[in-house]
There are 2 protein chains.
Amino acid sequence: MILATRPNGTRDGELVVVSSDRARAVAVPAIAPTLQALLDDWDTLAPRVEEVSRALAGGLVAGEFAIDDDTRFLAPLPRAHGFADGSAYINHIVLVRKARGAEPPPGLETDPLVYQGTSDPFLAPSASIPLEDEAFGCDFESEVAVLTGDVPQGTRAEDAGRFIRLVLLLNDVTLRELIPPELAKGFGFFVSKPQSALSPFVVTPSELGDAWRDGRVHLPLETRLNGELFGDPHAGPEMHFSFHDLIAHVARTRPLGAGTVVGSGTVSNVDRARGSSCIVERRMLEILDGGQPKTPYLRHGDRVTIEMRQGGVSVFGRIDQRVVKYERPA
Amino acid sequence: MILATRPNGTRDGELVVVSSDRARAVAVPAIAPTLQALLDDWDTLAPRVEEVSRALAGGLVAGEFAIDDDTRFLAPLPRAHGFADGSAYINHIVLVRKARGAEPPPGLETDPLVYQGTSDPFLAPSASIPLEDEAFGCDFESEVAVLTGDVPQGTRAEDAGRFIRLVLLLNDVTLRELIPPELAKGFGFFVSKPQSALSPFVVTPSELGDAWRDGRVHLPLETRLNGELFGDPHAGPEMHFSFHDLIAHVARTRPLGAGTVVGSGTVSNVDRARGSSCIVERRMLEILDGGQPKTPYLRHGDRVTIEMRQGGVSVFGRIDQRVVKYERPA
């Protein structure tokens, strides 16, 4: 099942079911007007949405529309009730800490790093990144993420898989130059982590076939900067903490409400030939090689695209964002 | 205008308008079924809800019900899209850091400390605190909070006041013994900050009369532990960063969606005679006085109540919670 949210003048948009070739879609207002409504009552409603998905595969469905390049989807959840973003790729943690001159954290391989990010609103897949000042050091972080159902407090990793409803991509926009002073205060990220963007499509794990296993997505994640390949690291084997592990960690002392977004952290491989999913990693490698970073952080006008392909299909559609100058209210 | 949310079998509950003596209430489904719906379209809907509020003041209204001790309100927003919790009382920061053997953060008086907490679900005012293990060091933190409208990215403190829609209280439950290892990882709080509880009533700033000024609530906040007064520090003069300052800080690089909860942090006064709004502060004072903390963290069965009075009225109603043993799913 492949889902998306299209604009309808409301904050939460309208849920649509998407065909497997990502070329057609149809709204299902009689079943669930929004993705949040579907997630709120998943066990009852998902089978009915699956029926529509099968009907769409079988031929023309009343009310269907064509998806083309001009189709402007919202974030699947334009506002979610929670966003817990992990950092599950050890290679990324080690490189980024090196770049900041910081030590790897204690428990690097046993205790996941997670922060809670803003989830209202999430940026649409093709929304601009509103950057006031290039000196903030704006960076992308290409990630895989899942949407959970209701996860009971204290759920264990071995039970977490059954609470994963949907899989998606996200761009965890990060303001690198605001991080050191913020982390020095001891409370973690806040202003250094502005809004993230979500991919247009969310898919059930079963849509991924055998690329979904062990709570990981076993596909490369492709990031382009101004059209040039920046990296296509594999999201599977080097994801040290699986989504099962991440969910168990974030639900350790709290329940998670339906529709919580859990992010993987920046996808990163030890093999340098795979490139990077964020600028700061490349800068660190440049420092290690030549003493100096060469790649600048994002500038106004830069364009970032993020997608993941399987058998020629862009599974989650494309996150495609341009950085624009943001003017503060006078 | 005084509002609350009563259970109706949905996740978001039903919005009710409450009389000024907090004795009667009436639902307004034809105007706004939920508090979130009201906040989403405040400028249009709030005047209509105000009309109902005035009708309630004028006499019997069709559909009204009596509020008594058995009335079980939900959190006004049982699930919000965002919760940014500040730490605006410098005295609290200094004492808690001392208790952890940590230095006060850089920029203590110029740069607010804020973390993003879980907002789905918020605990109801009389909900139990589900604590798996007393060794987690469970503590309360009695706070004032506001609910915002849509706040544009980069809003300045001098403009922030007009985005404050409603005022409330919250209990920011904290697991003290989980904090040091978590903060050592550098990403801030997560498992050490489980669900918070909200007060039954939210009120417009105008309901507070001259107790609302300069973005602060100028009233004492009373906390009782097992029926005994634990503290009643004044929430006004020593709130170093006002809600205007806190909103400007959290909206520095992101917009805030309608219904974002912004918390003050633990209310705390330098004058020891006012007591404390959390256990860790009292423990620190005990250490300073006698070398040893004497007051234990919360145990299963302990009861915490938090409220704020103005002219004999409990403005926000009472947060009244008992700590209960939580069993993880098998």
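Protein chains get the first letters and strands the later ones, always in sequence-line order, with residue 1 at the start of each. Everything quoted here is computed from the prediction, not taken from an experiment. Any value given below was found using the heavy atoms of this structure, including those in side chains, with hydrogens, waters and symmetry copies removed.
Of the listed residues (Phe187(A), Phe189(A), Phe83(A), Phe136(A)), the one with the most heavy-atom contacts under 4.5 Å to chain B is Phe187(A). Contact count versus chain B (heavy atoms, under 4.5 Å) is highest, among Thr155(A), Asp133(A), Asp40(A), for Asp40(A). When each of Asp111(A), Leu175(A), Leu108(A) is checked for heavy-atom pairs under 4.5 Å with chain B, Asp111(A) comes out on top. Heavy-atom pairs under 4.5 Å with chain B were tallied for Ser192(A), Pro106(A), Gly107(A), Ala251(A); the largest tally goes to Pro106(A). Comparing Gln195(B), Arg252(B), Glu132(B) by heavy-atom pairs within less than 4.5 Å of chain A, the highest count is held by Arg252(B). Annotation: maximal heavy-atom pairing with chain A below 4.5 Å, among Glu103(B), Arg79(B), His81(B), occurs at His81(B). Of the residues considered (Gly186(B), Pro130(B), Gly259(B)), Pro130(B) shows the highest number of contacts with chain A, using heavy-atom pairs under 4.5 Å. Considering only heavy-atom pairs separated by less than 4.5 Å from chain A, the leading option among Pro181(B), Gly188(B), Pro152(B) is Gly188(B). Contacts with chain B were tallied for Ala80(A), Ser87(A), Ala84(A); Ala80(A) has the most, counting heavy-atom pairs under 4.5 Å.
If you measure heavy-atom distances from Val173(B) to chain A, you find no contacts under 4.5 Å at all. For a residue to count as touching a neighbouring chain, one of its non-hydrogen atoms must lie under 4.5 Å from one of that chain's; by this rule Leu113(A) touches chain B with backbone and side chain alike. In this structure, no portion of Pro104(A) lies under 4.5 Å from any heavy atom of chain B. Heavy-atom distances place no part of Pro78(A) under 4.5 Å from chain B, backbone and side chain included. Contact of Ala184(A) with chain B is made through backbone and side chain together, with heavy-atom distances under 4.5 Å.
Summarising the geometry of Arg254(A) relative to Lys193(B), their closest heavy-atom pair is NH2-O, 3.0 Å, with the distance given to 0.1 Å. Counting all heavy atoms, side chain and backbone alike, Thr253(A) lies closest to Pro194(B) at O-CB, 3.2 Å.
Proximity to chain B among residues 322-330 of chain A is limited to Tyr326(A), Arg328(A), Pro329(A), Ala330(A), judged by heavy-atom separations below 4.5 angstrom. At a heavy-atom cut-off of under 4.5 Å, chain A is reached by Tyr115(B), Gln116(B), Gly117(B), Thr118(B), Ser119(B), Asp120(B), Pro121(B) from residues 115-123 of chain B, listed in order of number.
Using modelled atom types, one side-chain atom of Lys185(A) and one backbone atom of Pro112(B) make a donor-acceptor pair closer than 3.5 Å.
Applying the salt bridge (Lys or Arg N to Asp or Glu O under 4.0 Å) test to every pair with at least one member in residues 145-160 of chain B, sequence neighbours left out, gives these pairs: Arg11(A)-Asp150(B).
When the ring-ring contact (aromatic ring centres under 6.0 Å, His included) test is applied to Phe140(A), the partners found at least two apart in sequence or on another chain are Phe230(A).
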